[in-house]
Amino acid sequence: MTAVNDPQSLPQPLPAKRPRSFLAGVLLDMTGRWGARIGLAWIGLVAFMAIFGPLLASSHPILWKTADGVSSPMLKHLTAADVIILAMTLVAAILLCFKRTHFGKRVLIFLGIGVVVSIMTLILIKPPQAIVYSQYREALAADEAQWAVMTIVPYSPTDRFRELEETRFLSPSGKHWMGTTGDGEDLCSRMIHACRIALAVGFLSTGIAICIGVIIGGLMGYFSGWVDLLGMRLVEVFSAIPTIFLLITFVAFYGRNLYLMMIILGLTGWVGYAVFTRAEFLKLREQDFVQAAIACGLPLRSVLFKHMLPNGVTPVLVSASFGVAGAILTESTLSFLGLGLVEEPSWGQMLNQARGQGGVFTWWMAIYPGFAIFFTVFAYNLVGEALRDAIDPQLKKAAQL
Amino acid sequence: MDNRFGLKDWIVCLLLVAILITLWFKMIQDDRQWDKLSKIQTTLDAQGDELTQLANKLASGVHVTTTTQTGKTNLDADGPFARILAPMNEPDYATGDWVIYPFGSTVSKLTPLISSDVYQRVLEDHVMESLANRDPMTLEWQPMLAKRWTISDDGLTIVFKLRDNVTFSDGKPFTSEDVVFSFDWIMNPKVAAPRDRAYYDKVESVTANGPYEVTFKLKETYFKGFDVCAGITILAKHFYGQFTEAQFNESTGLLFGTGPYKLADNPLDWKPGEGKIELVRNDKYWGVAPAIDRIVYREILDDNARLVAFRNGELDRYGPTPEQYVALKEDEQLLKEKQLFEFETITGGYRYIAWNQMQEGKPTIFADKRVRQAMTMLTNRAQMSKNLMVGLATPCSGPFHRLGKQANPDVELWPYAPDKAKALLKEAGFEDRDGDGVIESADGKKFTFKLIYPASSENYKQMAFYLKDAYARAGIAMEPDPLEWSIMIQRIGQRQFDAMTLGWSGTIEGDPNQIFHSDQVADGGDNYIHYINKDLDKLIDEARITMDEDKRMALWHKVHAILHEDQPYTFLWTTKAVLFMDKRVKNVLRVKTGINDVEEWYVPRKLQRWGL
Amino acid sequence: MTQHDKPQPLLRVENLAVSFDGPAGRVRAVNGVNLSIYPGQTLGVVGESGCGKSVSALSTLQLVPTPPGRFESGSIWWNPTPSSETGSSSETGSDPVSLSQPVDLLKYSEKQMQKIRGNDIAMIFQEPMTSLNPVYTVGEQILEAILLHQKVSRSEAVDIAVQALADVGIADAASRLRVYPHQMSGGMRQRVMIAMALACQPKLLLADEPTTALDVTIQAQILELLRKLQAERGMSIMLITHDLGVVAENADVVAVMYAGRVVEYGSVHDVFENPLHPYTQGLFDSMPILGSSKHRLRTIEGNVPNPADLPSGCPFHPRCRSFQGDEHCTANDPPLREITPGHWASCWHVDGHEQGKATRPDVDVVTQIHA
Amino acid sequence: MLTYIIRRLLLMIPTLIGVTAVVFFVMAFAPGGFGGNVLNEQGAQTEGDEARRIREYFERRYGLDQPAIVQYGRWVNQVSPVGFLNTSQLTFTDEQMQAMSDVIAADDLLPKLGTPRALDDLVLNMAKYKDIEPTDAVSVVRELLVDVDAGLAWIKQLSPNILERDLNRVTKAETKLNQQRELRSLLQSQLAGRQRILFSRPAIKWPDLGQSLRGRKVTQMLAQAVPVTVLLNVITIPIIYCIAILTGIYAARHRGKWFDIASGFTMIALWSFPVILAGVLLISYLANKQYLWWFPTAGLHSLEADSMRFLPAFTGNGFERGYLLDTIWHLVLPVFCLTYGGFAVLSKLMRGSVLDNIRSDYVRTVRAKGVSEHDVLFRHVFRNSLLPLITVAASIIPALFVGSVIVENIFSIPGMGKLGVEAAFMKDRELLMGTTLIGGLIGLASEIMRDVLYAMADPRVSYE
């Protein structure tokens, strides 16, 4: 009794640290692990190539001087996608500097600018449709230009049959650092430009899968009853389908298209996320804060998305990073089976060409893209492992014993 | 009560699995060897029977003529067997030995009519025969199972007199009933042979007049009417007639006929998936027996593995890919042991780019003849055939092969002339008015189009990429659009494409009606580019019912000239075939249809390797 | 050595210190604990959770996982003088001289320890729900212990097991052998645990909160059972609990532990009548007394300190009611001192703190109680 | 337990229907339809008319002109062991055939309409199609053939997609007789091969997976392919489990030591290594004459395997491999490709599970009993740690089948994966449905197997 009367005798609380959300804590813990660091470094490198690909490998000079003065053919040839990605990277970099603005607000600004930039670019940017890759080389050879600054790899990924010389299946040399493909394209340039596809396939397809999975799983977990019953049948059906056959069927019947492929990968990959989310939501539904939220009469949308989703989505993160790795592998497998993309460079497709229609094994076509796939998948898996270790409370507890 | 599952049980389980697998293997192999034994047994039995019969005949004092080489006496030297008889005079001629062929895909069905395997055709040619065939050098029809024939003046009735000494490989005689049966069987809608049925739709009826004469009645006069009738695959009534249609449709190995070779296995229980198919010499062959004992077809799916096997001498024949060809033709070591054949045949067909002139009821850019001519002149065919086809292609000017009589020798190739082409395009109203590098018409319509091509083919892909670059130089934006074959067929059927590239296979005398006649513009026809030229129609109609060859050829020449001028297609090139053969095999000759048949080959005694 | 006339303690824990390596560095869970158990005696060890009770018991059997745990100092003397009741059934072939010589269990190798565990010293745990292997039947698990330590045939072992189950009051023992743990209730499982522990007639039973997870009625049954068995076999029990009532009823001697050390030690009578240490007093104050409505329950303020971050001096001083800001308390850790004969405490505020040095509480209470 | 299994087996039916429905409708709504590649395989070029004929034939045979849902219903009926017969399964007795022939022979229709055989077929097909007695069919046919308009109307009803051109052939024929003749041939082509389900004839029958576009029975093709895939997996699974369990236990026992860290890292690396790259590299370096020619490139047996003895032996010609060793020799590379990625997940799981168990209460009890470390690990921890591995088995078996798709394609092994990919490429609907069904069955069966195994391994689980 006595002690309670005197609040001074109670130990003073420590000066309050900024409260950190569970997610932030997990992410911080994860980035502290060396496996995750290696993984993130590699993904960063791939992302860098994906963003700045057109500036790294292009047949068009960055700058050159002709009789008409100095101009940049490369800028002229940037596609709308190139411009949007570059512009958004710039915006993101600038926004990161405004540390004081709230993170959510910055994301909103970023998205807003993104929409504006995309619309503007799609309206304004009209790159030439008929591209003559060799024109600048020919112009330089004919001394029409005084000087020109080329990109590091002076070939575009689809720059083929140059000057009608035999450029097919050249092994790596000073001119072509990674050799050339069966169509005479520079492999190094294709490798760089393929980064974008590798990233896009991983992120978009996993994103789609997560969206579907979380929504279906969330609904199943929250409502249970017949929604759950129906959903579980759907989950059962989709988990019993041999996914690879379904994928191959999809691609074989609907044709090769990058976006279609991502959507299909998403459509077939949601089952795991749904099961995860369902289990989480079933647990969460019983928890007091959710009961309280319901009791307060909050609308369903608010209960589901504001109160339950942030708490239930963490384990999904782990499987998402494995999912991204899986999607890249699947894309390369499909490409390898000859169901991949045609003109756009993709690692799997290059690896497929290594087997050689000509019956000749071209090692550079196997090693470079193959190991690019390997390192990327490895990186994602490392991140996933680190994330799992960071989240897994059991391991934490064990470490404290 | 004891430990239910520990490490020891685990190991025991593993061992059990291993033992079970081993047992399984053992049983499989025992089965296979049992099959082999029983096969040998049946062959032995059959030979025993034959010997008994022979002995009986001898005992009864009948003069016996064997059906092997000595039986050739009743065959005229310039008949169908002249070419087989020719090498027999060579000093090193000998019978025996095998020829080993590679197959690049699995053959799942040998039964004629219903098999859709490309390679089945190869086997069928050795096992089954038709009423007449073309001489490989002169390309004239020569008698096979029919000894002569008469054609009515209107070309509607063809009467074949059949040989009376022909037997099937089981010794049963061949008669007119088999011909009638063959036709009926093909036309039986329950038999899964829609393709042959469509082909023989031109024939109204086949009737037998006595055992050795058949009459074919055609529905309409047609210059190829005889080809249709003479080429019919002869099915033995006593053999194929024993099956219901359903049995026939589901059968796998029913390959049986009068030919010089027969299936080594019993046709009734041949099963796919063995990795090889063997043909043996038909000992009861009615004609001149070939020298080679056995033809073995090995299935090797991998390009590389096939090449290795050929190098090692495990294969006698090898068709390289263009890339391999470039490397192999300079391979001294290989050329020491192998002979190289590079040849072009009329049946090789041609490649083309088709320009669609009408889409959704509106004429397209390509409706203008000048544009089509310009496109042809922008296409550097010589360069492409040299680079992409590694020299295995010859640019062509029209649908008729230059080796055949149909081609007009006076027609000159359109040159590769980009400047001229640009001028022509300008004349047609296309120039770059807004400075974006793409030319457009006066009303601002940009010259852009999509080229569709089959996605599965590496070669078409390269071609499309190449063309894209070439057209870009003239300010034309072309987008390659690879399509899955079925989708491509559908798009072509619906006429929904700007331009496409494919090839047509050739026949000895082609019929342009199907492709260029305006009749075929309507649904289902092959004039999917909506090309209409009334003069051409008239010429084709006339030629088709002209039975006199010289007159017909004159008409074809005119057709060729018109097509060249109009350029409904950009005719790209005819292709060459390349073939490596083991030098051990002699009398391998080039003929107009390619390489002569195995029946004409022989291996000198010293060089023989197999089946000794 | 000087006490040849006195009965030798069965187990003597001397200055035991155990620490654990954790993410926050090395943590001392047990810090200089001294305890003795005499044959036939029940030692009650009381304290809040996390004060090192269980670790002390586990250390006795070397069951502390190493790493992350490690023994820093001390010894545990084991002196299995054959008692007349149990005979030498499990000691066949041992050197009679060594029997009288205490051995340090901490110096025993893993092999040697395996002979001791379950045989001489058995242990039961607080979580009967998880302390049995779920994939083996109850019978298999009891038999395992019997076959390991006794040279008997399987059928004899089954008999022993049935007897053991019957001893702990399980009806239809023979058929219960074939039952899996999950098919039994918590109380039954704890009985099985006890039967398993007792099947080899150990001399010492370490009971680590054997009743915590059970219903109150079952608790009483189990404790009653333990008392009965102890009386029958004359074994010693180290009863670890946080329930003072349980101690009062079952123990002869009480050791109160706080923050890895023993803060008060004495016979049940002494400690309950006259708790010396403020912590013990606090414990008693926070215990409801039946029938006294005037008495207001008092709690001990604050929490058990984090063993990684112990307060300086007396670890209890931040929570101590007697603490007046003495430098003594904040600077020096009070040693365990004998305040009255056989009653030890470690607190600077208890009278007589000038006297003597800290020594081991070699208490003779056993004779007093059992006399 | 038995009732549980039966219930699970019954529950498989709706799931399987769902599985096949998804795949079926994916195909049904695809542009280009199915079967197009048959044209492709029949040679690069098919003349328009012939192509159309082939397409029409397949449309009739597989009912492609029907709505997708009807097609699917037909397929299910065909596969289901209990269902309705269809016309192709109907046969006539000899007496019935004779009676029909008599009617035809007595009729004056016969001489006017050409060869008897074709009319025979028409009547028979009609009888089957309408499920009426052959003798009745004769009168139906006679009516239809006499009244050309009625006949045409019926044909239109029969196949709504029929081309105007074909109908015109009938109407534009000059004489009445020719019209009848054309009508007959048209009717015949429309009736032949068209299968109709006879709802009047429910029956218990063998499940029929139909006929592949390439003409072979799907069941036959699967019977050849499935054992090969099963063989690959039967060899792979124990290897994967062995390695995973051993490394898992070892890593758990040496937690935090170099082996634990190194194996963890290596496992993730192996797991990430694309099978396609591994396959390409293995073939190109280990099975290539130019480098190391240790292993064969393709297939399951050598060509001479037929004539080999079973066990290896030394004969006059030196060492002979023998059938057994030959097969094993061919299996090394594919099995390696299937294995190396598989045990990463399992090993990690085993490690975690062993760690959990080693720390668990019951292990403390066991230790307190005086059981030796070895026994603790292999008698108590081992068995409990296996439980999560059994759970994973349900997902690892289907995953292996997916893996074998790639491996079989790389090493040209004629298994189910290769068949499935070929079917997809060929757009061979029946074959693809067959492989999907088998794949789904394997997935579901492995789930049931998992549950049964779990019940056997864990006494706490029972399905009473």
Side-chain angles (χ1 to χ4, degrees), chain C residues 21 54 57-58 60-65 67-68 110-138 140-150 178-183 189 192-193 196-197 199-200 202 205-206 208 213, chain D residues 1 245 249 251-261 350-391 451-464:
Chain C
D21 294 322
S54 298
L58 288 172
T60 309
L61 286 180
Q62 280 194 33
L63 284 179
V64 174
E110 179 66 25
K111 267 259 152 58
Q112 288 169 308
M113 273 318 287
Q114 282 164 9
K115 286 213 180 92
I116 301 278
R117 289 180 196 150
N119 189 21
D120 292 332
I121 307 176
M123 188 163 179
I124 54 180
F125 298 94
Q126 61 174 323
E127 292 288 347
M129 311 306 270
T130 54
S131 291
L132 287 170
N133 191 337
V135 301
Y136 290 110
T137 59
V138 164
E140 280 170 63
Q141 300 190 47
I142 301 178
L143 284 182
E144 189 179 24
I146 298 169
L147 290 172
L148 208 62
H149 297 299
Q150 299 181 20
R178 280 187 292 279
V179 157
Y180 284 97
H182 70 275
Q183 292 163 318
R189 275 189 236 181
V192 170
M193 288 281 291
M196 197 157 74
C200 292
L205 178 69
L206 307 175
D208 185 358
Chain D
M1 192 70 182
I245 287 169
I249 290 180
R253 283 187 74 179
H254 300 84
R255 180 162 181 264
K257 303 264 175 60
W258 71 267
F259 179 85
D260 186 27
I261 294 166
M350 184 76 189
R351 175 183 174 272
S353 155
V354 167
L355 276 180
D356 282 352
N357 275 297
I358 276 185
R359 289 197 214 101
S360 68
D361 290 342
Y362 75 84
V363 168
R364 205 174 48 184
T365 313
V366 173
R367 287 225 182 91
K369 276 193 284 191
V371 177
S372 70
E373 261 325 279
H374 181 269
D375 277 1
V376 167
L377 202 61
F378 287 103
R379 262 178 66 88
H380 293 268
V381 172
F382 180 74
R383 233 189 108 188
N384 279 284
S385 308
L386 279 184
L387 297 180
L389 264 73
I390 293 172
T391 321
D451 290 348
V452 171
L453 267 181
Y454 209 96
M456 274 162 65
D458 190 344
R460 281 168 295 185
V461 178
S462 76
Y463 304 108
E464 297 312 325

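When heavy atoms are compared at a cutoff of 4.5 Å, C/Leu58 approaches chain D solely by way of its side chain, counted from C-beta outward. Heavy atoms closer than 4.5 Å to chain D are found in both the backbone and the side chain of C/Gln141. Interface residue D/Ser372: backbone and side-chain heavy atoms are both found under 4.5 Å from chain C.
In plain terms, the two heavy atoms of C/Ser131 and D/Thr365 that are nearest each other are O-OG1, 2.6 Å. The two residues C/Leu63 and D/Arg367 have their closest heavy-atom pair at CD2-CB, 3.3 Å. Summarising the geometry of C/Met123 relative to D/Ala368, their closest heavy-atom pair is CB-CB, 4.1 Å, with the distance given to 0.1 Å.
Side-chain atoms of C/Thr130 never come within 3.5 Å of backbone atoms of D/Asp361 as a donor-acceptor pair (strictly under, hydrogens ignored). Side-chain atoms of D/Lys369 do not come within 3.5 Å of backbone N or O of C/Met196 as any donor-acceptor pair.
Heavy-atom pairs under 4.5 Å with chain D were tallied for C/Lys111, C/Arg117, C/Met113; the largest tally goes to C/Arg117. The choice from C/Ile124, C/Leu148, C/Leu206, C/Leu61 that makes the most heavy-atom pairs within less than 4.5 Å of chain D is C/Leu148.
For the atom pair C/Glu140 CD and D/Arg379 CZ, the distance stands at 7.0 Å (nearest 0.5 Å). From C/Asn133, atom CG reaches atom CZ of D/Arg383 across 8.0 Å, with rounding to the nearest 0.5 Å.
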